[in-house]
There are 2 protein chains.
Amino acid sequence: MAAWDSFIRMQEKLIGRLSRRVHADSGMSASDYTVLVKLTEAGGRMRFMDLVKLVEWEKSRMSHQVGRMAKRGLVAKEECPDDGRGAFIVATPTGYEAIEDAAPVHVEHVRRLFIDALTREELAALARISDRVLAHMEEQPD
Amino acid sequence: MAAWDSFIRMQEKLIGRLSRRVHADSGMSASDYTVLVKLTEAGGRMRFMDLVKLVEWEKSRMSHQVGRMAKRGLVAKEECPDDGRGAFIVATPTGYEAIEDAAPVHVEHVRRLFIDALTREELAALARISDRVLAHMEEQPD
DNA sequence: CTAAGGTAGATGACACGTCAACCAAATGGT
DNA sequence: ACCATTTGGTTGACGTGTCATCTACCTTAG
């Protein structure tokens, strides 16, 4: 339980600090950043539901999110000829520019706040631990 | 960076799942839970700002939070005789009942989803890693 | 005693996440 | 051909978090 407390504290501070940073230096929220990273990594254009599965969010969250991002011009929605219900989400030039500006700065913060705090062995251990927890959760109900 | 990705994924899934659970089986939000745990651990009555420091939140967040909790009857606000600006936050009987019901169930979920996934050594390693990251963050600007 | 600055806490505007309900188009069985 | 189910995606209400701003009270230097 001490481990749990430390983990929680660390995780809250770290995530909080990083998302405040990304917002401060790019004007984007952490969610904007995540979506743009995944979307552009995947070619800058994908079906809505594929994006949902890739990012592992609920579809309603993604729907609100892309709605807001579209309003700000970071992405656009196109309708899908093959499936009358479907939608493509496309990263706009503005979106590309935003992510290309933000990514290196963000990576730098991750390195500074997180990676630099740990040795190579500790990073490996943490990766292993995280994967084990993930795997264990998969096979747990609910 | 692989370690970072695993960590982020794990942490998101785990926190998401736990807070959905606590809300589902107690009707309280994760924030309600946190506040009540800390408050009752500290005797069930403390100055607002002490609570803010204990939980390590921004005061405005806490202000909104206790406002909502007061509206639901989980805590009450009393004014402070020594300091005209001050407020005491007090856990009501309803509040006590709520965490006393919720806490064991929540602890059980933490054990099931997190602690049981790891060996004693892994837990110790994770605690050490978390503390190192926390300590490292303290001495980093911003 | 008074003015300057600090501290306690509240508030309003806004972005975000969740849940449940919803609609429309696709699919599959009879 | 037809109805039932599933899938893709949206919507609205509501609770939550952040930021900036505000007020009231306290403290302390002069």
Side-chain angles (χ1 to χ4, degrees), chain A residues 12-13 15-36 46-90 142, chain B residues 12-13 15-36 46-90 142:
Chain A
E12 269 169 16
K13 292 240 177 208
I15 303 296
R17 216 152 136 170
L18 279 170
S19 53
R20 244 169 285 125
R21 279 251 50 105
V22 67
H23 187 251
D25 19 78
S26 75
M28 286 190 290
S29 72
S31 302
D32 294 341
Y33 182 86
T34 305
V35 168
L36 276 179
M46 38 186 333
R47 284 293 295 271
F48 178 85
M49 268 299 157
D50 294 339
L51 186 55
V52 165
K53 280 159 199 154
L54 186 60
V55 184
E56 301 180 280
W57 281 1
E58 299 194 6
K59 59 183 181 173
S60 120
R61 178 179 181 185
M62 185 62 79
S63 183
H64 286 301
Q65 182 66 33
V66 300
R68 289 182 304 247
M69 290 176 75
K71 198 167 299 175
R72 289 179 229 140
L74 295 170
V75 300
K77 287 185 253 184
E78 292 176 7
E79 44 184 81
C80 175
D82 304 357
D83 188 331
R85 310 160 290 183
F88 280 103
I89 310 301
V90 192
D142 184 33
Chain B
E12 269 169 14
K13 292 240 174 205
I15 303 295
R17 215 152 138 170
L18 279 169
S19 53
R20 246 170 282 126
R21 278 252 49 106
V22 67
H23 188 251
D25 29 67
S26 75
M28 285 190 292
S29 72
S31 301
D32 294 343
Y33 182 87
T34 305
V35 169
L36 276 178
M46 30 185 341
R47 284 292 296 271
F48 178 85
M49 267 301 160
D50 293 340
L51 186 54
V52 165
K53 282 162 197 151
L54 186 60
V55 183
E56 301 180 280
W57 281 2
E58 298 195 8
K59 60 184 180 171
S60 120
R61 176 180 181 183
M62 186 63 79
S63 184
H64 285 300
Q65 182 67 32
V66 302
R68 291 182 303 247
M69 291 176 73
K71 198 166 299 176
R72 290 178 229 139
L74 294 171
V75 300
K77 287 185 253 185
E78 291 175 8
E79 45 183 81
C80 175
D82 304 357
D83 189 331
R85 309 160 291 182
F88 281 102
I89 311 300
V90 193
D142 191 20

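Quantities reported herein were computed from a predicted structural model and do not represent experimental measurements. Within every chain, numbering begins at 1; the chains are lettered A, B, ... in the order of the sequence lines, protein sequences first and strands thereafter.
For the atom pair B/L54 CG and B/M62 CE, the distance stands at 8.0 Å (nearest 0.5 Å). Taking CG from A/D82 and CZ from A/R47, the interatomic distance works out to 7.5 Å, rounded to the nearest 0.5 Å. B/F48 CZ to B/R85 CZ: the interatomic distance, rounded to the nearest 0.5 Å, is 13.0 Å. Rounding to the nearest 0.5 angstrom, the gap separating the CG atom in B/D83 from the CE atom in B/M49 is 11.0 Å.
Comparing A/F88 and A/H23 against DNA chain D, the residue whose closest nucleotide sits nearer the 5' end is A/F88. Sequence order on DNA chain C of the closest nucleotides to A/R72 and B/K53 puts B/K53 first from the 5' end.
In this structure the side chain of B/M28 never reaches within 4.5 angstrom of the side chain of B/R72, judged on heavy atoms. Considering only heavy atoms from C-beta on, B/F88 stays 4.5 Å or farther from B/K77 through its side chain. Counting only heavy atoms from C-beta outward, the side chains of B/R68 and B/S31 never approach each other to under 4.5 Å.
Nearest approach of B/S19 to B/A30, heavy atoms of both residues: CB-CB, 3.7 Å. Minimum interatomic distance between B/S29 and B/H23 (heavy atoms only, all atoms of both residues): N-CD2, 4.0 Å. Residues A/V52 and A/K59 share a closest heavy-atom pair of CG2-CA, 3.9 Å.
Per the geometry, CZ belonging to A/F48 stands 18 Å off P belonging to C/dA24, to the nearest Å. Taking atom CZ of residue B/R17 and atom P of nucleotide C/dC19, one finds them 14 Å apart after rounding to whole Å. The distance between atom CZ of B/R20 and atom C1' of C/dT18, rounded to the nearest whole Å, is 9 Å. Whole-Å rounding puts the B/R47 CZ to C/dA8 P distance at 8 Å.
A/Q65 pairs with exactly one of A/V75, A/V35, A/V55, A/I89 by the side-chain contact (heavy atoms from CB on, under 4.5 Å) rule, that one being A/V35.
Residue B/K77 is classed as a sugar-phosphate contact, given heavy-atom separations below 4.0 Å to backbone atoms only.
Within residues 57-66 of chain B, the residues that have a heavy atom under 4.0 Å from DNA chain C are, in order of number, B/K59, B/S60, B/S63, B/H64.
From the 5' end on, the contacts that DNA chain D makes with chain B at under 4.0 Å to a non-hydrogen atom open and close at D/dG15 to D/dC26.
Put simply, A/S29 has a side-chain N or O that comes within less than 4.0 Å of OP1 or OP2 on C/dC16. In this model, the phosphate group of C/dC16 is approached by a side-chain N or O of A/R68 to a distance below 4.0 Å at OP1 or OP2.
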Is there any protein nitrogen or oxygen under 3.5 Å from a nitrogen or oxygen in nucleotides 25-28 of chain C, and what are the pairs?
residue : atom : partner : partner atom : Å
C/dA25  : O3'  : A/G84   : N            : 3.4
C/dA25  : N3   : A/R85   : NH1          : 3.3
C/dA26  : OP1  : A/G84   : N            : 2.9

